[in-house]
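Have a look at the structure below before the remarks.
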Amino acid sequence: MKSLTTKLKLLRPVLTSLCSYSSTDQTLLLNEFTRFCYQRDLPKALRVMDTLQSHGLWADSATYSELIKCCMSHRAVHEGNLVRRHLYFNGHQPMLFLANVLINMYVKFNLLTDAHNVFDEMPLRNVVSWTTMISAYSKSKQQQKALELLDALSVFDEMVTGDAIVWNSIIGGFAQNSKSDEALKLFKRMKRGGFTAEQATLTSVLRACTGLTLLELGMQAHVHIVKYDQDLILNNALVDMYCKCGSLDDARRVFNGMKERDVITWSTMISGLAQNGYSQEALKLFESMKASGTKPNYITIVGVLFACSHAGLLEDGWYYFRSMKKLYGIDPVREHYGCMIDLLGKAGKLDDAVKLLNEMECEPDAVTWRTLLGACRVQGNMVLAEYAAKKVIELDPDDAGTYTVLSNIYANSQKWDSVEEIRTQMRDRGVKKEPGCSWIEVNKKIHAFIIGDESHPLIVEVKEKLKQLIDRMIGIGYVPETNFVLQDLEGEQMEDSLRHHSEKLALAFGLMTLPLGKVIRIRKNLRICGDCHVFFKLASKLEKRSVVIRDPIRYHHFEDGKCSCGDYW
DNA sequence: TTAGGGTTAG
């Protein structure tokens, strides 16, 4: 509800213009202008606007607002500029309200510099002016400017720092652009400022926790959102958070407690189960979904096919793939083909995988070829791997890991010229390897371990702990893998750093700091390598600990010497 | 009849 003062403020310009209606002509002009604005007849409205200006007349703000909306709906930038010039005519300042409308117009045109100019020229701004700018920047490539403006706003209005909408927009913008840590910092600032987060803000916060695999923090957020118990979107985000953090019991609990479920709920849970290695349960859930009357969409089918590929369910995979069009009217797209190529390839049917790849209705992309490369790794097919790796590099020349894989393949066949060629290519293209990095949450804080980086305060102790662990494992038969050829899909591996792959350091740290019985959860930026996979299986048995590793594609649950992925990843 | 934000699955 608008306060009386606000209403009066809004009415003032209308009253002013009414008082100036001295002649019938002018009244007619204004009426005409208003009519054209409402009719969204931009050229006519602009013509009348010019005439108005020559009479020294301004229409009321509601009319101008409509006119600007009209420019926006026509995406008429030029006309928008005309209106702006009209409003500033003869040194006039548009009233606050109209300046805000102008800012919004430029934001919608994605002309942030113009928007910021209007903002800068305003003698007075309100929270709407700030929000419009901050929100625009938080979604743009200039996110830093959103933070700068927020700081400026705090100085300008320390007690209030805007309102919940400002916070919501900036947190949402950062969460949406994978700036999870910044989003969470802002959320803390928001709470310190005494603001209460609404559903959408909390959903963004959950998204940020999901992005960082912050289970503890996500659970804390869960406690705070019980009042939105039956909010569908929030619950969907919760299910996803628990799945992505590898905590399937919690995910199931939320899922089962939901009174309303939509296609996203079902798809999230199906994919979540599949990614975590519970393929049969995922397929069963798909049946329940159909029984519930919810229609699957193409994402649901991606999850279903992923479940099949994960468990090597060749027959089921083919069945779902072949019948998706007929049963659900869904045309297979790249992701579906990708799942099938993965399934066929890892089941040892590389020829069929290649055949399907060639039959694709859409062009295979880098991801498709990388999928085939992954299958070659499992099958140890160097010839096809070389071909697939070349294709990946062709389509994604910045993919550092694949260069390494290709280089390893050449080195293994002693094609040293080719090895040198790859190195030159990488140098020429400025491709740098992303260093392997693993994160682990202890006491709601993230600890990062980066390969070759010694900056963690406990790094000496962690390395010592790891050394002891390796020695004990060698005692029970662990042989460090030294054949890198196809072991390491992302090319993280280097001989001397093998002992200190980031996830091994994170594991050692987890063993040191987390109480017995607590699951050790690690998130990685690169895919786990063959040696680490063996290492983690053995470590889970030796240390009697459950370990979950989330890599960019899927999850590995290590328990009692086994991994949920069944060694196909 | 006039202004700002944000939300989930791949």
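A, B, ... follow the sequence lines: proteins, then strands. Residue 1 opens every chain.
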Whether A:K290 and A:E287 form a salt bridge (side-chain N of Lys/Arg under 4.0 Å from carboxylate O of Asp/Glu) is what I want to check. yes
Measuring centre to centre across the rings, with the benzene-like ring taken for any Trp, is A:W167 within less than 6.0 Å of A:F187? no
Nearest whole angstrom, please: distance from the C1' of B:dG6 to the CG of A:N177. 13 Å
Indicate whether OP1 or OP2 belonging to B:dT1 is found under 4.0 Å from a side-chain N or O atom of A:K69. no
So what does A:T201 touch, heavy atoms closer than 4.0 Å: a base, only the sugar-phosphate, or nothing? nothing
Base, sugar-phosphate, or nothing for A:V107, non-hydrogen atoms under 4.0 angstrom? nothing
Between CE of A:M269 and P of B:dA9 the distance, given in whole Å, is 15 Å
Measure from CG on A:L153 to P on B:dG5 and round the result to the nearest Å. 16 Å
Send over the distance from A:H222 NE2 to B:dT7 P, rounded to a whole Å. 21 Å
Cationic N near anionic O, under 4.0 Å, A:D50 to A:R47: no
Answer with base, sugar-phosphate or nothing: what part of the nucleic acid does A:S267 contact at a heavy-atom distance below 4.0 Å? base
Where the side chain of A:S65 is concerned, which of B:dA3, B:dA9, B:dG4 is the nearest nucleotide? B:dA3
Please pick, from B:dT7, B:dG5, B:dT1, the nucleotide with the shortest atom-to-atom distance to any side-chain atom of A:T203. B:dT7
With sugar-phosphate meaning primed atoms plus P, OP1 and OP2, does A:V127 contact a base, only sugar-phosphate, or nothing at under 4.0 Å between heavy atoms? base
Is any side-chain N of the basic residue among A:D151 and A:R189 closer than 4.0 Å to the acidic one's carboxylate O? yes
Please pick, from B:dA3, B:dT8, B:dG6, the nucleotide with the shortest atom-to-atom distance to any side-chain atom of A:V101. B:dA3
Whole-Å distance separating the CG atom of A:L206 from the P atom of B:dA9: 11 Å
Nearest to side-chain heavy atoms of A:K139, which nucleotide of B:dT2, B:dA9, B:dG6: B:dG6
Please find out if less than 6.0 Å separates the ring center of A:F33 from that of A:Y64. yes
Has the side chain of A:E198 got a donor or acceptor that lies under 3.5 Å from a partner of the other kind on the base of B:dG5? yes
Quiz question: going by heavy-atom distance under 3.5 Å, is there a donor-acceptor pair between the base of B:dT2 and the side chain of A:S61? yes
Quick one: is A:R207 getting a side-chain N or O under 4.0 Å of the B:dT8 phosphate, OP1 or OP2? yes
To the nearest Å, give me how far apart OH (A:Y64) and P (B:dT1) are. 21 Å
Phosphate OP1/OP2 of B:dT7 contacted by A:Q176 side-chain N/O (<4.0 Å): yes
So what does A:N126 touch, heavy atoms closer than 4.0 Å: a base, only the sugar-phosphate, or nothing? base
For A:N297, which contact category applies under a 4.0 Å heavy-atom criterion: base, sugar-phosphate, or nothing? base
What is the distance, to the nearest angstrom, from the CD1 atom on A:I270 to the P atom on B:dT8? 19 Å
For the aromatic rings, using the six-membered ring if either is Trp, is the centroid distance between A:W266 and A:F255 under 6.0 Å? yes
I want to check one thing: is the phosphate of B:dG4, taken as OP1 and OP2, less than 4.0 Å away from some side-chain N or O of A:N104? yes
Take atom CD of A:E66 and atom C1' of B:dT1, then tell me their distance rounded to the nearest Å. 6 Å
Look at the side chain of A:N100 and decide which nucleotide, out of B:dA3, B:dT7, B:dT1, has an atom nearest to it. B:dA3
When you measure only distances, ignoring hydrogens and angles, does the side chain of A:T131 come within 3.5 Å of the base of B:dG4 through a donor and an acceptor? yes
